[in-house]
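A short write-up of the structure that comes next.
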Amino acid sequence: METTETNGFATMGLNAILLKAVDAAGMIAPKPIQQQAIPAQLAGQDILGIAQTGSGKTAAFALPILQKIITIGDKRKGKTARALVLAPTRELAVQIEETFRTLAKGAHISTALVLGGVSRIAQINKMQAGVDVLIATPGRLTDLVRDNRIDLSETRWLVLDEADRMLDMGFINDVKKIAKGTHRDRQTALFSATMPQEVATLAASLLRNPVRVEVAPQGTTAAEIKQVVHMIPTRQKKQVLSAMLKDETLSSVIVFTRTKHGADAVTRILEKDGYNVAAIHGNKSQNARQRALNGFKDGSVRILVATDIAARGIDVVGISHVINFDLPDEPESYVHRIGRTGRNGASGNAITLYDPAEEGSKFKAVERVTRMRLPMADSPVDLSSLPARAANSDQRPPRREGGNSGAPAKSKKPHRGQPAGGKPREPRGEKIWSNDGGAPAQKRPFRRNKKGFGSKAA
Ligand code: AMP
């Protein structure tokens, strides 16, 4: 079996009770934000997180807080909260509390919700004995603190969730006052989907040497990165990739693959076809990775084949194209991947090879996270003109999401740009592929469902 590169929660040093709860919640592998933010917080660092709902950010701040509270044991003072999470809306606060409860299952952790729009009495009563984790909206919390119903002086963990929305909703002064009332040696995490100046200023005033974690990097707008999707059956992707790379306008290219095995297989084929290529993934030694990266940076290597984990932190200027050889397991990785091109205001291109028969749900997840309809290529790849290749026999049997025929599965509903029956559109032009496709991706209205998850507006 191929394995994707993931570090388990177990390697993060989390308590056995938490690991059990994480497992029971169906969280098998940490999401990227969790991989980055949990160890840093366990080490005592503040966090500046740029992440949206759906990224897994709640567990990214809840697990370290729970771990620390479990470690200290049971003493609490009346009216106090050991940890405080501020959220802009009631719905989000409720959802955060649910996550805390789920992840604290089996541990003796008390939680409370303090929200506007509902009776104060129950909230005041709940706070009487003090709680471990208080989740609150800023307005009502400010009222109860002012009335001496809640004492924040023992609060050593503070989380601001969706800080940009809190500021949009006019909570800036409440947030500042609340933060000021907490313990001076507190640890703070601030999460925001966007980082306008106001949020950056607030973060600078509340966080101490924060670790910046980002799962949806800014600068991935359609204006800067031209995105295009080509529908290609998995078994033909390597040939298509090789044909695409004949075009020398693809001058500096990162090819992303989901697995290490995939990265090696792609690298082998491209080498065989005479391309100047290097691979970078978790099975390579640090030296080999550095050598590959240096070659890519100085231009002696034109094509770098990488897995998502190995690519984290790669900051190379002048990458002309990112090619997604396949779609990532974590939809946020798509944003990371394409963010490697079009940096510092330069234009960039992101090409995705997508097999609807195998990758339908991953594709939908990417569209959900990016809140975009990814544009299909205007000129489809002419698969019939590709050379037959014996080397393709090194392709593992494809893992099917549905159906098991070698041809694209017949889907009931045709995908955009795809006629009924699931077949790619008929080739029209002579060119094997075109890099001109891809109208700017359309931002679509997005609305939140009851649980706070985003869903596309119809
Ligand atoms: P959030 O961004 O915190 O709102 O989380 C979005 C969704 O992802 C929630 O339904 C979580 O239960 C789920 N989730 C968070 N972390 C993981 C994980 N490591 N594996 C699977 N699902 C997760």
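Positions are given from 1 along the sequence. What you see below is based on every heavy atom in this structure, not just the backbone, and it leaves out hydrogens, waters and symmetry mates. Just so it is clear, the model here is predicted, and its values are computed rather than measured. Every number for a ligand or one of its atoms is a count from 1 in the order of the listing.
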Going by the angle between their ring planes, with limits at 30° and 60°, are Y354 and F363 parallel, tilted or perpendicular? parallel
Mind running salt bridge (Lys or Arg N to Asp or Glu O under 4.0 Å) on D308 and R337 for me, showing each step along the way? CA-CA 7 Å; D308 292 299; R337 288 174 171 192; 2.7 Å; yes
Numbering as shown, the atoms of ligand 1 that approach [X] to under 4.0 Å (heavy-atom distance):
X: F9; answer: 19 (N)
X: A29; answer: 18 (C), 19 (N), 20 (N)
X: G56; answer: 1 (P), 2 (O), 3 (O), 5 (O), 15 (C)
X: T58; answer: 1 (P), 3 (O), 4 (O)

Hey, are the side chains of M166 and L160 touching, using non-hydrogen atoms and a 4.5 Å cut-off? yes
Tell me the salt bridge (charged side-chain N to carboxylate O under 4.0 Å, His left out) pairs involving residues 112-125, sequence neighbours left out? R120-D147
